[in-house]
2 protein chains.
Amino acid sequence: MDRIDRKILDLLAGDSRLTGEQLGERVGLSPSAAHRRVKALEESGAILGYRARLSNAARGNPSTVFVHVTLTDQRQATMLAFEKALAQTPLVAETYLMSGESDYLLKVLVRSDDSYERIHREILSALPGVQRLVSQFTIRTLNGGE
Amino acid sequence: MDRIDRKILDLLAGDSRLTGEQLGERVGLSPSAAHRRVKALEESGAILGYRARLSNAARGNPSTVFVHVTLTDQRQATMLAFEKALAQTPLVAETYLMSGESDYLLKVLVRSDDSYERIHREILSALPGVQRLVSQFTIRTLNGGE
DNA sequence: GCGAGCATGCGCATCGGGGTCCCGGCAGAG
DNA sequence: CTCTGCCGGGACCCCGATGCGCATGCTCGC
């Protein structure tokens, strides 16, 4: 993992369809050498996979809701059960275990043709051990926010 | 944009390296027809591009910090200046204009070899019109969180 | 109401480009 | 000196890209 590998990772993170030749000329290698680097990065696990980036419209114009969750207690079993149930809730895009007041922060993508009330009920019923649940709505997404 | 197109978008969002043949057999089309669909989706703007997904280690083991920002006022000019400066701050991965107490929510990726204090100063000095700034740290990222 | 014409989307065939793999060369370390 | 790791170059093959003919369904005019 040298400077060239990092450059290749940066380039592929921006556009994974770059050809071996294009990669080669940007990092100063031949196409075959650049391609070998890529294969090695895939096999080492540095590159997890390749994804298409979709437009907002294609994703159903979702809006983002941040949900702060407080559990009934902080025993290992409670947290584990919560996290396990979370992994099977496709509405939740990202989850963070937080320091400070609330225990977890969930980033939920709500499609514009869904009502948040339904999502709220669904999340509450699917997740065990929830004591309190505070939702924070976005008006607009400026940057990133897949 | 019919059911087949949506299926194709779902599949490519998961793995953009699926071949025309693989796509075709999963949506019930010939390879060429599936490929034509993909090209059309690219040209219509539904597919914005293709990206490599990198491992946490390859990204420098960043941890996520959520920063709640309150501006000095809510005049159009103040918000515009803030947003404009934000667009040129690469540390900030995502930005949301929020309803409720704080005005903006920033998702900041801090590389493990950076100190947050430096980031904090950098953000404060780069962004105009900030009145209050509350940071919320993550202990662990469970799911997603690109 | 009905038929002709056109548009849309399919499968099949073909062509070119890039992925893939092997080989030979070279530099650095032991 | 030899071995190892990495590079460049070339051959092969598969996949992406595109043109062609055909079926289906819709529209418009009679």
Side-chain angles (χ1 to χ4, degrees), chain A residues 1-62 90 93 109 111-114 144-146, chain B residues 1-62 111-113 144-146:
Chain A
M1 174 70 66
D2 56 7
R3 207 183 51 83
I4 292 181
D5 279 338
R6 262 182 286 276
K7 184 85 179 286
I8 288 177
L9 288 176
D10 277 350
L11 290 169
L12 290 180
D15 179 7
S16 70
R17 287 293 170 97
L18 289 172
T19 180
E21 189 177 1
Q22 294 169 312
L23 281 175
E25 77 185 33
R26 296 191 198 189
V27 301
L29 285 178
S30 74
S32 67
H35 180 70
R36 257 194 301 266
R37 296 267 192 159
V38 174
K39 294 298 289 182
L41 289 169
E42 287 171 0
E43 278 165 22
S44 77
I47 296 177
L48 297 176
Y50 300 93
R51 292 190 163 176
R53 208 158 53 91
L54 305 185
S55 72
N56 255 349
R59 306 200 57 194
N61 292 316
L109 294 182
R111 286 184 43 187
S112 58
D113 54 357
D114 280 337
E146 321 256 327
Chain B
M1 175 69 66
D2 56 4
R3 207 182 51 81
I4 292 181
D5 279 336
R6 262 182 285 275
K7 184 86 178 285
I8 288 178
L9 288 176
D10 277 350
L11 290 169
L12 290 181
D15 179 7
S16 69
R17 288 291 169 99
L18 289 171
T19 181
E21 188 177 2
Q22 295 169 311
L23 282 175
E25 78 184 31
R26 297 190 197 189
V27 301
L29 285 179
S30 74
S32 69
H35 180 69
R36 259 194 294 265
R37 295 264 192 165
V38 173
K39 294 300 289 181
L41 289 169
E42 288 172 359
E43 279 164 23
S44 76
I47 295 176
L48 297 176
Y50 299 94
R51 294 191 160 178
R53 209 158 53 91
L54 306 185
S55 72
N56 258 349
R59 305 200 60 195
N61 291 316
R111 286 185 44 187
S112 57
D113 53 358
E146 317 258 325

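Order of the sequence lines fixes the chain letters, A, B, ..., with proteins taken first and strands second; residue numbering starts at 1 for each chain.
Taking side-chain N and O atoms only, K39(B) has a distance below 4.0 Å to OP1 or OP2 of dA17(D).
Under the 3.5 Å distance criterion, the side-chain polar atoms of S55(B) are matched with a main-chain donor or acceptor of A58(B).
Within the 4.5 Å cutoff, side-chain heavy atoms of L9(A) are placed close to those of M1(A).
Minimum heavy-atom separation, I8(A) to A34(A): CD1-O, 4.3 Å.
If you check residues 9-37 of chain B against DNA chain D, the residues with a heavy atom closer than 4.0 Å are T19(B), G20(B), S32(B), H35(B), R36(B), listed by number.
One atom, CE of M1(A), and another, P of dG5(D), lie 18 Å apart when rounded to the nearest Å. Per the geometry, OH belonging to Y50(B) stands 11 Å off C1' belonging to dG16(D), to the nearest Å. The CD1-C1' distance, from I4(A) to dG8(D), rounds to 14 Å in whole Å. We find that CG of L41(B) is positioned 15 Å from P of dG16(D), with the value rounded to whole Å.
Ion pairing of R37(A) with D2(A) is present here, as a side-chain N (NZ or NE/NH1/NH2) and a carboxylate O approach within less than 4.0 Å.
Among the candidates L12(A), I47(A), L48(A), the single residue satisfying the side chain to side chain contact (heavy atoms under 4.5 Å, CB included) test with E42(A) is I47(A).
In the displayed structure, E21(A) atom CD is contacted under 6.0 Å by at most 12 heavy atoms of other residues, nucleotides or ligands.
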